[in-house]
Amino acid sequence: MNKSLTSPAAKAGHESVRRHNLSLVLRTVREEGEVTRARVASLVGLTRAAVSSLVEELLELGCLSESGKTSSGSAGRPGTVLTVSRTGPAGLGVEINIDYVSVCAVDLTGTDRVRVTEHTDHRGVPPAEVLAHAARLTNRVIGSAREQDLRVVGVELALPGLVSGGVVRQAPNLGWSRVAAEGIFGQALSTLRPTGGALPVGSDNEANLAALAEYWFGGLGGIRTFLYLTGEIGVGGALVLNGQMLRGAHGFAGEIGHVVVDPQGPLCRCGAHGCLEQYAGRAALLAAAGIDPGQGVRGIAELEQRAAAGDARAVESLTTAGDRMGVVLAGAVNLFDPEAVVLGGIYRTLMPWLEPSADAQLTARVVSGRWHADGSRLRASSLSGDAARGAAARVMYELMENPAAYAVR
């Protein structure tokens, strides 16, 4: 007998179909905002009885809410309105950077419901200590989310380095190498929640997650292919192709901060000379402007103020950084042909001074006819495009793909 026709295979097929249909109904309600069961049935091509059964399961899982009455405009009983629940399942994102930890929880609508950020210098601090601190902050946010009737169903770490298989392979600015971040963090969080049950923990590069946040929540409109460049202490990048993250063979694609601008340039923490990070990273920007790099975020605010006041050294620092940035970005644009280049992180507020020189290099170097000097393809990120929110939202998107596996009853 053909094994595909045996009972176990048939059962698996039925479960797979139901899982797909649960996801389909949940995503449809989310996209529509407010919708009746009958309307969902017509949109997804399932019978009303099938949709009603799926809706009941999603209501039980806490993914949907149902209330009110609406007239269908035709004969028959009015229907109740389905919406994605503002309580119940929530995703949690934890961004661990060189000088801060930011934790946020989002609900199924993608709304940022709880956010806590603590500034502390992680350079030279043992990875386990940094991750334990992040776990303590995470536990606080889980408690705050619970007060809003939200239950965190998963955690995603946003980390500044090469991340693969739950391990930070290399994070030069943190001084981390082969750190099993997911496991260490998960154990620390479980210790803080002895009766709460272990939560699924994932991880990714912080630039990737910031780019996804920009794609999901930012002002990109119909743009589905773009290059995202983010600045903090280091410089990170991500490329989204037709709505999907380009990861490369080993998951390390997008390390644009370590593209070499000048082989004879200053030594980078990665071991190479003349990386973009040495011209456009936060420390490089502040030092070139005559501002103490140790000021961190406050230093960037001062740099912006000085540039706005016309301070020559501050403007020159940003002009030079934009020029080097434009050289690197032009190569990436020629290679991948994105619809837009988005600058996030510290670059968002510094855009007025970075853009002219960066755009000049892009205009000069990108293949003729594929770049426009009016800056329409080079843009600042929105306020919504941050790594912590992208990380939390990824948990929610994974839940929508398989609600029964992630949602808490």
Side-chain angles (χ1 to χ4, degrees), residues 160-162 170 172-173 205-208 210-211 214-215 220 223-232 234-242 244-282 284-285 288 317-348 350-351 353-381 385:
L162 304 180
Q170 184 182 14
N173 290 314
N205 173 267
E206 53 92 18
N208 288 347
E214 185 67 25
Y215 178 62
L220 291 175
I223 291 176
R224 292 174 52 80
T225 297
F226 65 98
L227 178 64
Y228 185 88
L229 190 70
T230 181
E232 297 293 345
V235 178
L239 183 65
V240 176
L241 291 173
N242 197 30
Q244 299 295 319
M245 184 67 62
L246 177 68
R247 296 190 173 278
H250 306 96
F252 301 151
E255 287 295 321
I256 198 167
H258 297 289
V259 173
V260 174
V261 182
D262 179 5
Q264 307 305 315
L267 179 66
C268 181
R269 288 177 182 267
C270 73
H273 285 266
C275 294
L276 175 62
E277 194 168 288
Q278 297 306 303
Y279 301 95
R282 190 175 74 190
L285 285 171
S317 167
L318 293 167
T319 299
T320 300
D323 181 81
R324 301 293 189 273
M325 195 182 292
V327 171
V328 171
L329 288 173
V333 170
N334 281 333
L335 190 60
F336 296 107
D337 188 27
E339 297 172 83
V341 174
V342 182
L343 303 187
I346 62 173
Y347 301 142
R348 188 181 63 80
L350 299 174
M351 189 74 170
W353 303 279
L354 293 169
E355 181 177 15
S357 55
D359 198 65
Q361 286 287 3
L362 283 157
T363 301
R365 294 175 180 273
V366 171
V367 174
S368 178
R370 288 170 55 195
W371 192 262
H372 304 287
D374 63 4
S376 60
R377 290 174 68 184
L378 182 64
R379 59 180 70 194
S381 69

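Keep in mind that what you see is a predicted model, and the values were worked out from it rather than measured. Reckoned from all heavy atoms, side chains included, excluding hydrogens, waters and symmetry mates. Counting begins at 1 with the first residue of the sequence.
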* Side chains of Tyr279 and Val235 in contact at under 4.5 Å (non-hydrogen atoms) -> no
* For residues Pro172 and Cys268, determine if any side-chain heavy atom of one lies less than 4.5 Å from a side-chain heavy atom of the other. =>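 Side-chain contact under 4.5 Å: no.
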What pair of heavy atoms forms the shortest contact from [X] to [Y], and how long is it?
X	Y	value
Arg224	Glu339	N-OE2, 3.0 Å
Glu206	Pro160	CG-CA, 3.6 Å
Arg269	Gln278	N-NE2, 4.3 Å

* Could you give me the CA-CA distance, side-chain angles and deciding distance for Asn205 and Glu255, then say whether side chain to side chain contact (heavy atoms under 4.5 Å, CB included) is met? => CA-CA 10 Å; Asn205 173 267; Glu255 287 295 321; 3.6 Å; yes
* **Evaluation steps, side chain to side chain contact (heavy atoms under 4.5 Å, CB included), between Tyr228 and Tyr215** => CA-CA 10 Å; Tyr228 185 88; Tyr215 178 62; over 6 Å; no
* **From CA spacing to verdict: side chain to side chain contact (heavy atoms under 4.5 Å, CB included), His273, Asp262** => CA-CA 7 Å; His273 285 266; Asp262 179 5; over 6 Å; no
* Asked: CD of Gln244: more than 12 outside heavy atoms within 6.0 angstrom?
  ->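 Open.
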* Could you note down all residue pairs passing salt bridge (charged side-chain N to carboxylate O under 4.0 Å, His left out) where residues 272-282 supplies at least one of them, sequence neighbours left out? =>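 Those involving residues 272-282 are Asp99-Arg282.
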* Asked: So, the side chain of Thr225 versus the backbone of Pro338: is there a donor-acceptor pair under 3.5 Å, distance only?
  ->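 No, the answer is negative, given that no donor and acceptor are paired below the 3.5 Å cut-off.
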Tell me which donor-acceptor pairs under 3.5 Å the side chains of residues 317-331 have, and how far apart each pair is, sequence neighbours excluded?
from   : atom 1 : to     : atom 2 : distance (Å)
Ser317 : OG     : Leu285 : O      : 2.8
Thr319 : OG1    : Val315 : O      : 2.8
Thr320 : OG1    : Glu316 : O      : 3.0
Thr320 : OG1    : Glu316 : OE2    : 3.1
Asp323 : OD1    : Gln361 : NE2    : 2.7

Going from [atom1] on [X] to [atom2] on [Y], what distance comes out if it is rounded to the nearest 0.5 angstrom?
X	Y	atom1	atom2	result
Phe252	Gln170	CZ	CD	9.0 Å
Ser381	Leu220	OG	CG	9.5 Å
Leu343	Arg348	CG	CZ	11.5 Å
Asn334	Leu362	CG	CG	9.0 Å
Leu229	Leu227	CG	CG	6.5 Å
Thr230	Asn208	OG1	CG	11.0 Å

